[in-house]
Amino acid sequence: MNAYIQCCYIIISIFAVYPLLFLLKDDISNFMFVSGFSLVAFPFIMVWFYHGFYPDKKMEAIIGKMLLFLLFGLLAYVVFIVVFAVCLVISHPEMFKGVGRGK
């Protein structure tokens with residue numbers, strides 16, 4: 001099922017996002033906006049896909065599960081950043097000797 005979702009995302013990207021990115025290749029700020037928008041659009045593509053794949057499910061249930069999925073993803077990202085920062089401080093304390101002190 002994940003392969004089908006990725007195929008939907010790639011097809012939408014090929015026909016909608018990449019032509020826009022090609023047209024905006026000289027304007028870096030709009031290029032970055034469209035590129036970032038394509039990442040933000042992925043949850044909406046997933047909701048659309050799941051609604052088509054499970055037509056008997058209510059849209060509220062699909063959106064709720066997608067929000068739960070995004071929440072767990074965000075939580076995992078934050079935990080990863082905290083663990084990485086703690087490991088960095090433990091393994092290289094000399095990098096942080098001057099942090100917090102004035103000049």
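We find the SG-CG distance between C7 and N2 to be 11.0 Å, quoted to the nearest 0.5 Å. Separating the CD atom in Q6 from the CE atom in M46 is a distance of 8.5 Å, to the nearest 0.5 Å. Atoms CZ and CG, on F37 and L39 in that order, are 11.0 Å from each other to the nearest 0.5 Å. The distance from atom CE of M32 to atom CG of L21, rounded to the nearest 0.5 Å, is 10.0 Å. Expressed to the nearest 0.5 Å, how far CD of E60 lies from CG of L67 amounts to 12.0 Å. To the nearest 0.5 angstrom, F33 atom CZ is 10.5 Å from S38 atom OG.
A donor-acceptor contact shorter than 3.5 Å is absent between the side chain of S35 and the backbone of F31.
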Legend entry - Residues V47, M59; criterion side chain to side chain contact (heavy atoms under 4.5 Å, CB included); working and verdict: CA-CA 8 Å; V47 168; M59 185 63 90; 3.7 Å; yes

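L70 is not connected to F44 by any chain of hydrophobic side-chain contacts under 4.5 Å among Ile, Leu, Val, Met, Phe, Trp and Tyr, and they are in different clusters. Under the 4.5 Å side-chain heavy-atom criterion for Ile, Leu, Val, Met, Phe, Trp and Tyr, F53 and F42 are members of the same hydrophobic cluster. Linking ILVMFWY residues whenever their side-chain heavy atoms come closer than 4.5 Å, directly or via other members, places L24 and V17 in the same cluster. No path of Ile, Leu, Val, Met, Phe, Trp and Tyr side chains, each step under 4.5 Å between heavy atoms, connects I11 with I5, placing them in separate hydrophobic clusters. Taken together through direct or relayed side-chain contacts under 4.5 Å among Ile, Leu, Val, Met, Phe, Trp and Tyr, I63 and V40 form parts of separate hydrophobic clusters.
Side chains of P43 and F69 form no contact here, defined as non-hydrogen atoms less than 4.5 Å apart. Within the 4.5 Å cutoff, the side chain of Y77 has heavy atoms near those of the I81 side chain. The shortest distance between side-chain heavy atoms of I12 and W48 falls below 4.5 Å. You'll find the side chain of K57 stays beyond 4.5 Å of the side chain of Y50, heavy atoms only.
Taking all atoms of both residues into account, the shortest heavy-atom contact from P19 to S13 is CD-O, 4.1 Å.
Taking the six-membered ring where the residue is Trp, Y4 and F49 present parallel rings, their angle staying beneath 30° rather than reaching 60°.
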